[in-house]
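Everything on this sheet refers to the single structure shown next.
Values reported hereafter were calculated over all heavy atoms of this structure, with side chains retained and with hydrogens, waters and symmetry mates removed. Proteins get letters first, then strands, A, B, ... in listed order; numbering begins at 1 in each.
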2 protein chains.
Amino acid sequence: MQELLKSIQIRVNDKIYLKDPESSELGKNIVRRSIDMIHSMGLEAFTFKKLAIELSTTESTIYRYFENKHKLLIYLISWYWGWLEYEMVLNSINIADPVEKLGNTIETICHPLKNNIEHDHINLQPLHKIIIEESNKAFLTKEVDIENEDGLFSNYKRINDRLIKNIKEINPHYPYANTLASIIIDSSNHQRFLANHFPRLTDIDKTGSDLGSFLVEMVLKTIKTDR
Amino acid sequence: MQELLKSIQIRVNDKIYLKDPESSELGKNIVRRSIDMIHSMGLEAFTFKKLAIELSTTESTIYRYFENKHKLLIYLISWYWGWLEYEMVLNSINIADPVEKLGNTIETICHPLKNNIEHDHINLQPLHKIIIEESNKAFLTKEVDIENEDGLFSNYKRINDRLIKNIKEINPHYPYANTLASIIIDSSNHQRFLANHFPRLTDIDKTGSDLGSFLVEMVLKTIKTDR
DNA sequence: GCTATAAAAATAGTAATACTATTATTATGT
DNA sequence: ACATAATAATAGTATTACTATTTTTATAGC
């Protein structure tokens, strides 16, 4: 199973890239190295020039894969959510009880690397940190609506859809399932950001230990029909 | 009262700027025009050069007020939270019941412009939109820890503290008051962002009409000691 | 009204970024 | 062996994000 997962191809909207980075060794290296570099130096300091030097290639070559570093970021993020969907589905397979499934799903979102999975050319540990520290920048732009229309965020939205469906399985009449789902997903990463940089603003520690159980409890209490 | 509020000086940490923009007409114009420009063109397209042209002045002159556009953004955000604290306090004055106070406070965070307040040189409407669309960029950087140590985010953190205190007044034993508070504040803006750009991910409309009541309900249900 | 001082404006310049274009070289598949 | 595509090398541009220097203008005290 581990082996199967390792070589699985994550589907990423092909409008994100100019040339599929999975289609060549160089492409894979671009992805691999950019994860390390963005993780260690931050998105703003990261440039195609620096990446080109690291890869002993040229800027223009990288530009044949990605239009700009913003698109590269979207690629990484989209890949992440695409990958997480597999994890979510696999982890919750055979779970019939919707409450248990919700718990399992939220736990997966909060601790995606629990299974210690490895991947061919993508290092998940730093990628997850990029998600925590940088991913919001992908849609906090003036181009968000066009890019959204082009489907660049669909992998992200599918994760939301699954959570929404799960919540509605538990309480079909709850009117704020969408809002709750997006809060869960956002918080699963943002609370860890706060733990890293604004510990006063959270009760979660850096490992995110109680995060999952907190979020599950919040959801269940919130959607419970009281009578 | 309106008049009093209009001329009130919002306290902003003086490490954010090089020269206090409130101290001169030009400084006020820098703030005023930058709000309009960032709002209309987005933070990335906004430059000191363009601002200088708009103000018929030069880049170097603007640089005497702010180190760079990032600091200017932090200034605007910090001013906003500083101002919101006044609003929060004023709106909840004389409310003794902590549950009622929480409702009032959250309502203020979600609908800060309800009182149709005007301000001397700061246009609150576009500023609020900047908070919704751009404010996360202020701390999603590699410099966040140094800037946080320097107190650049203290106005923001004080808002959190008030909410935390309020939650603890209702249930002193609830162990996740900090986490819940930061989720509330974050969601009060982020759900409106989603309403604008990802309506499928929220049940809130663009005016944010049910947002306050949803958040209040979520908090109250979550912190309720069930027995 | 004169002068010191500070603020602002004008001017110039630099290193880095975010690209684009052109040509030469190398690899690959038939 | 040849066509094709990918990559590398080289060069260049507009813009950004600054810094430095000098000149002009405004202000406040004497």
Which part of the nucleic acid, if any, lies within contact of [X], taking any heavy atom under 4.0 Å across all strands shown: a base, the sugar-phosphate backbone alone, or nothing?
X      : answer
Y65(A) : sugar-phosphate
S60(B) : base
T57(B) : sugar-phosphate
K49(A) : nothing

Original post:
Below 4.0 angstrom, N of the basic side chain to O of the carboxylate: do E149(A) and K15(A) qualify?
Top reply: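 No, no charged N to carboxylate O under 4.0 Å.
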Original post:
Between K71(B) and E67(B), is the closest basic N to carboxylate O distance under 4.0 Å?
Top reply: yes
[X] [atom1] to [N] [atom2]: how many Å, rounded?
X      : N       : atom1 : atom2 : value
E25(A) : dT28(C) : CD    : C1'   : 15 Å
L43(A) : dT17(C) : CG    : P     : 13 Å
L26(B) : dA6(C)  : CG    : P     : 18 Å
N29(B) : dA9(C)  : CG    : P     : 10 Å
E44(A) : dA16(C) : CD    : C1'   : 15 Å
I62(B) : dA10(C) : CD1   : C1'   : 14 Å
Y63(B) : dA9(C)  : OH    : P     : 16 Å
F46(A) : dA18(C) : CZ    : C1'   : 13 Å

Subject >> Contact summary for Q191(A) and L201(A), nearest pair of heavy atoms >> reply: OE1-O, 4.5 Å
Is a donor from one side chain sitting under 3.5 angstrom from an acceptor on the other, for [X] and [Y]?
X       : Y       : answer
T105(A) : T108(A) : no
D210(A) : Y176(B) : yes
N155(A) : E85(A)  : no
N104(B) : N91(B)  : no
N148(A) : H197(B) : no

Original post:
Passes salt bridge (charged side-chain N to carboxylate O under 4.0 Å, His left out), E107(B) versus K114(B)? Steps please.
Top reply: CA-CA 9 Å; E107(B) 209 48 56; K114(B) 230 181 199 166; 3.7 Å; yes
**OP:** Could you pick out which residue, E59(B) or K19(B), lies toward the 5' side of DNA chain C when each is mapped onto its nearest nucleotide?
**Re:** K19(B)
**OP:** Please round to 10 degrees the angle between the axis of the first five pairs and the axis of the last five pairs in the helix from dG1(C)-dC30(D) to dT30(C)-dA1(D).
**Re:**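 The helix from dG1(C)-dC30(D) to dT30(C)-dA1(D) shows an end-to-end axis angle of 20°.
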**OP:** On DNA chain D, reading 5' to 3', which nucleotide is the first and which the last to sit with an atom under 4.0 Å from a heavy atom of chain B, could you check?
**Re:**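 Contact boundaries, 5' end first: dT16(D) to dA20(D).
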Subject >> Nearest-nucleotide pick for T58(B), side chain only, options being dA18(C), dT17(C), dA9(C) >> reply: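 Of all the options, the side chain of T58(B) is nearest to dA9(C).
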